[in-house]
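First the structure, in the form of structure tokens, and then the observations on it.
Just so you know, ligand 1 is whichever comes first in the structure, and atom 1 is the first atom listed for that ligand. The shown structure was predicted, so the numbers you read here are calculated from the model rather than taken from an experiment. Numbers here are sequence positions counted from 1.
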Amino acid sequence: MEVAESLIQQLKNASRIVFFTGAGISAESGISTFRGKDGLWQKLKPEELANFDAFLNNPKIVQEWYQHRRDIIHSTNPNPGHFAIAEFEKIFDEVTVVTQNVDNLHKRAGSSNILELHGNIERNYCIECGNEFIGAEFDYKTVNGKCKCGGLIRPDVVWFGEMLPYEIFSEAEKKAAESDICFVVGTSAVVYPAANIPLRALHNGSVLVEVNIESTDISSLVHHSLLGRSGEILPIILEMLGS
Ligand code: BJW
Ligand code: ZN
């Protein structure tokens, strides 16, 4: 993998950067991606677990699955890819992270402008009274998955068939449209409407740069395709920028 000098020049002339990230950015932290051969959903169909009906039919299984993922996330740390993205803030006027991830790792790495399109696994709420259960200390097991009012507690994430948070998505579309460069990092770019974000950037004249270990649905559209691990490629770019 070689980072083109033309990309470095484009970056040197840029001031507004968007990073559109997916599960692949967290893979090197030890968190499974969803699709692909090592994906979380190799055995389970995504639509079967990540939707509201599945939750109502089998709340315990869905809660256990999320508790399991929360436990993994709490035992991991951001990797050099997350840290490199946070470091970009020191070089550019405006850096926005638009993430599909729910794992909180961009925040833990120090990024400050983060738009979470699919929610955050650290937040949970009661589906009856809306009471919130926030933070790493919350554990579904200790409350038997239920609120004091008797309502089921669910993670504050976006499941299939659910709307994305409107204001966050609109802001992400705006930042993408205004961006000079949009990095598309570690995502298969198949889940909509999130996958519209890089397209919005492209249609508004932004330079699209993909960082992924393999080609994806969006590869044929990008200006620069950097094949490899984000935890290796993003620090190289920073170094080439003289940081
Ligand atoms: C690396 C790497 C390394 C690995 N370095 N790279 C047809 C049928 C049914 C539904 C639809 C349909 N057409 C459209 C829809 C709508 C549906 C959708 O898009 N479905 C498609 C999948 C077909 N979308 C929705 O339902 C959305 N809502 C919606 O549309 O609302 C409007 C509406 C309302 C009412 C009725 C109808 C419509 C909501 C989508 C919510 C998605 N939620 C999830 C779960 C979140 C909670 C949780 O975490 O459990 O979000 S699904 C899952 O996919 C998760 C992710 O954020 C999302 C994207 O996945 P991502 O991040 O791209 O991961 P992977 O695994 O796919 O890819 C990882 C990549 O990393 C790979 O490319 C690797 O190569 C790479 N990689 N290691 C660099 N080291
Ligand atoms: Zn309640």
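- If you look at Glu28 next to ligand 1, the close heavy atoms, those under 4.0 Å, all belong to the side chain.
- For the pair His106 and Thr21, the tightest heavy-atom approach, listed with the atom from each and the gap, is NE2-OG1, 2.9 Å.
- The closest heavy-atom contact to atom 39 (C) of ligand 1, among the options Glu210, Met163, Glu162, Glu232, comes from Glu162.
- Of the N and O atoms on the side chains of Gln63 and His68, not one donor lies less than 3.5 Å from an acceptor on the other residue.
- Of all the atoms in ligand 1, the ones that sit under 4.0 Å from a non-hydrogen atom of Glu214 are 75 (O).
- Less than 4.0 angstrom separates some heavy atom of Tyr66 from each of these atoms of ligand 1: 47 (C), 48 (C), 50 (O).
- Inter-residue side-chain proximity for Val184 and Val211 is flagged as unmet; no heavy-atom pair is nearer than 4.5 Å.
- For ligand 1 and Thr187, the ligand atoms under 4.0 Å from any heavy atom of the residue are 61 (P), 63 (O), 70 (C), 71 (O), 73 (O).
- Gln9 and Asn13 form no side-chain donor-acceptor contact under 3.5 Å, judged by distance and modelled atom types alone.
- Phe183 places none of its side-chain heavy atoms less than 4.5 Å from the side chain of Ile85.
- Within the 4.0 Å heavy-atom criterion, both parts of Thr33, backbone and side chain, lie near ligand 1.
- Side-chain atoms of Ser219 and Glu210 form a donor-acceptor pair, as typed in the model, at a separation below 3.5 Å.
- Near Val102, meaning under 4.0 Å from any of its heavy atoms, are these atoms of ligand 1: 49 (O).
- Judged purely by atom type and a 3.5 angstrom limit, Glu28 uses its side chain to pair as donor or acceptor with the backbone of Gly231.
- In this structure, Leu11 and Leu241 have side chains that are in contact, with non-hydrogen atoms separated by less than 4.5 Å.
- Side-chain contact, Tyr140 with Asn124: a donor N or O sits under 3.5 Å from an acceptor N or O.
- Between the side chains of Thr96 and Asn113, not a single donor N or O lies within less than 3.5 Å of an accepting N or O.
- Between Phe160 and ligand 1, no N or O atom pair is found at a separation short of 3.5 Å.
- The shortest N or O to N or O distance between Ala23 and ligand 1 is below 3.5 Å.
- Atom 41 (C) of ligand 1 has its nearest heavy-atom neighbour, among Leu164, Ile25, Asp156, Val158, in Val158.
- Ranked by closest heavy atom to atom 58 (C) of ligand 1, the top entry among Val191, Ile121, Asp103 is Val191.
- The nearest non-hydrogen atom to atom 2 (C) of ligand 1, considering only Gly161, Gly24, Ser230, comes from Gly24.
- Within ligand 1, the atoms closer than 4.0 Å to a non-hydrogen atom of Val157 are 47 (C), numbered from 1 in the order shown.
- Looking at ligand 1, you'll find an N or O of Phe34 within less than 3.5 Å of one of its N or O atoms.
- Of the possible polar contacts, none joining the Arg69 side chain to the Ile31 backbone as a donor-acceptor pair under 3.5 Å is found.
- Between SG of Cys147 and SG of Cys126, the angle at the Zn ion (ligand 2) works out to 110°, rounded to 10 degrees.
- Residues Asp139 and Thr142 come closest through the heavy atom pair O-OG1, 2.9 Å.
- Residues Ser26 and His82 bring a donor and an acceptor atom of their side chains to less than 3.5 Å of each other.
- Residue-level proximity to ligand 1 for Ile213 is carried by backbone and side chain together, each with a heavy atom below 4.0 angstrom.
- Less than 4.0 angstrom separates some heavy atom of Gly186 from each of these atoms of ligand 1: 6 (N), 69 (C), 70 (C), 71 (O).
- Of the listed residues (Arg35, Arg229, Arg69), the one carrying the non-hydrogen atom nearest atom 48 (C) of ligand 1 is Arg69.
- Below 3.5 Å of separation, one finds no N or O of Thr216 facing any N or O of ligand 1.
- Looking at ligand 1, you won't find any N or O of Trp159 less than 3.5 Å from one of its N or O atoms.
- Between Phe19 and Phe88 there is a side-chain heavy-atom pair separated by less than 4.5 Å.
- Heavy-atom contacts of Gly22 reach the following atoms of ligand 1: 62 (O) (cutoff under 4.0 Å).
- With a heavy-atom cut-off of 4.0 Å, Ala27 touches ligand 1 through its side chain alone.
- Every N/O-N/O distance between Asn101 and ligand 1 stays at or above 3.5 Å.
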